[in-house]
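First comes the structure, then the notes that go with it.
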Amino acid sequence: MISFLKSALVLGAISSASAFTSVNTNGAAKSSTSLNAVYGEPREVQIIPSVLPADFGNLGADCKRLEEAGCHRVQFDVMDGNFVPNLTFGPETIRWARKYTDMPFETQLMVSERCTDAMLDEFTEVTKGPNGEPGVVIVHVEACTHLHRALGKIRAAGGSPSVALNPHTPAEMIENVLDMVDHVLVMTVNPGFGGQAYIPTMTDKIRKIRKWIVDRDLDVDIEVDGGIKATKETIGACAEAGANCFIAGSGLFAYDDLSQGVKELTELAKEAQGVAVAA
Ligand code: DX5
């Protein structure tokens with residue numbers, strides 16, 4: 001059936017606009033009119049705020065606000081002033097934030113190799129859920145000479161391993177560890193600061209990694225981070241290319257009503273995936 005439809009499309013026998021309606025993994029009908037179609041089955045759209053624009057003097061309360069707004073998890077941007085030219089916080093801050101919310105956490109380690117090696121277990125521990133559920137721990141390929149070992153360590157310590165790539169880093173640097181991670185984070189800005197512009201050339205890197213994941217039948221989400229807004233050019237382009245987890249800092253905190261921001265970001269991503277959005 002599928003090969004018939006593909007050959008029919010190739011032969012132009014059926015106009016792609018009304019080609020077909022199929023059911024995706026979320027059980028939702030793919031929009032029959034949408035020309036957008038992510039490669040493979042669309043994965044669940046997840047909106048994940050970065051805490052960088054939050055009130056650091058009241059971080060726990062802001063995390064609770066994000067939970068109530070319907071965010072899937074919250075990202076803690078750990079910066080050591082070494083790997084990136086900015087400084088934020090350590091594991092104690094994340095441990096305190098856990099007292100305010102049961103929302104899943106993720107920790108992005110924008111820190112040097114020495115810090116990664118010395119503190120990986122502690123970051124894995126504080127990122128866990130309220131009942132010890134695995135939290136997402138993201139190490140940068142550029143900060144890990146022994147990336148395979150670091151990812152194995154996160155899994156062994158009860159965390160959910162993820163690997164991040166800076167904009168200049170080719171996708172091939174993570175091709176051999178794709179089977180070890182639950183997420184890949186494609187940085188769409190140079191890490192270190194919020195409020196920067198999305199780098200459009202990252203879209204092809206997302207598409208390449210998505211193809212590897214689908215063709216190898218891996219259960220891996222693609223996250224994007226940096227300059228993500230409720231626009232077709234940013235979250236739309238990333239979703240169509242294959243990302244399904246979207247980090248939003250300034251793009252979400254710009255909304256007075258955070259839940260409205262989550263709704264608009266989600267709808268644009270689903271539309272770009274070719275998934276029908278409930279009216
Ligand atoms: C930058 C951080 C991002 C940043 C995103 O190094 O990793 O998470 O906070 O902020 P926006 O969405 O404003 O680009």
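Each ligand, and each atom within it, is numbered from 1 in the order the structure gives. This one's a predicted model, so the numbers in the text were calculated from it and none came from an experiment.
- In the vicinity of Met79, heavy-atom distances shorter than 4.0 Å reach the ligand 1 atoms 6 (O).
- Of the options His72, Glu223, Arg73, a side-chain hydrogen bond (donor to acceptor under 3.5 Å, both in side chains) to Gln46 is made by Arg73 and by none of the others.
- In the vicinity of Phe193, heavy-atom distances shorter than 4.0 Å reach the ligand 1 atoms 1 (C), 6 (O).
- Ligand 1 lies within reach of Asp77, whose nearest heavy atom is under 4.0 Å from it.
- Of all atoms in ligand 1, listed by their number and element, those nearer than 4.0 Å to a heavy atom of Gly195 are 11 (P), 13 (O), 14 (O).
- For the pair Arg98 and Phe105, the cation sits on the ring face: its NZ or CZ lies under 6.0 Å from the ring centre, inside 45° of the axis.
- Residue contact check: Gly226 has heavy atoms under 4.0 Å from atoms 14 (O) of ligand 1.
- Although no hydrogens or angles enter the test, the distance criterion places no donor-acceptor pair under 3.5 Å between the side chain of Lys64 and the main chain of Asp102.
- Close N/O approach between Met187 and ligand 1 is not found [any backbone or side-chain N/O within under 3.5 Å].
- Residue Gly192 has at least one nitrogen or oxygen atom sitting less than 3.5 Å from a nitrogen or oxygen atom of ligand 1, judged on distance alone.
- Proximity to Gln75 (heavy-atom distance under 4.0 Å) selects the following atoms of ligand 1: 8 (O).
- Of all atoms in ligand 1, numbered sequentially from 1 with element shown, those under 4.0 Å from a heavy atom of Gly227 are 11 (P), 12 (O), 14 (O).
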Open item on the list: What verdict does the salt bridge (charged side-chain N to carboxylate O under 4.0 Å, His left out) test give for Glu172 and Lys205, after you've listed the backbone C-alpha separation in whole Å, the side-chain angles of each residue and the deciding distance to 0.1 Å?
Closed with: CA-CA 10 Å; Glu172 283 71 14; Lys205 190 194 291 186; over 6 Å; no
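- Taking a cut-off of under 4.0 Å to the non-hydrogen atoms of Pro191, the atoms of ligand 1 that pass are 6 (O).
- Regarding atom 3 (C) of ligand 1, its nearest protein heavy-atom neighbour is Asp225 OD1, 3.0 Å.
- Atoms of ligand 1 found under 4.0 Å from any heavy atom of Ser50, numbered from 1 in the order shown, are 4 (C), 8 (O), 9 (O).
- Side-chain contact check for Thr93 versus Leu59: some heavy-atom pair is nearer than 4.5 Å.
- Taking only nitrogen or oxygen atoms, main chain and side chain alike, Asn190 does not reach within less than 3.5 Å of ligand 1.
- Among protein heavy atoms, the minimum distance from atom 10 (O) of ligand 1 is reached at Gly194 CA, 3.6 Å.
- Of the possible donor and acceptor atoms, none in the side chain of Thr203 sits under 3.5 Å from a partner among the backbone N and O of Cys238.
- Note: no N/O pair closer than 3.5 Å links Lys229 and ligand 1 by distance alone.
- Of the polar atoms of Gly249, at least one N or O is found under 3.5 Å from an N or O of ligand 1, judged by distance alone.
- For atom 13 (O) of ligand 1, the closest heavy atom belonging to the protein is Ser250 OG, 2.5 Å.
- There is no side-chain donor-acceptor pair under 3.5 Å between Thr124 and Lys153.
- Across all their heavy atoms, Pro191 and His140 have their closest contact at CG-CE1, 4.4 Å.
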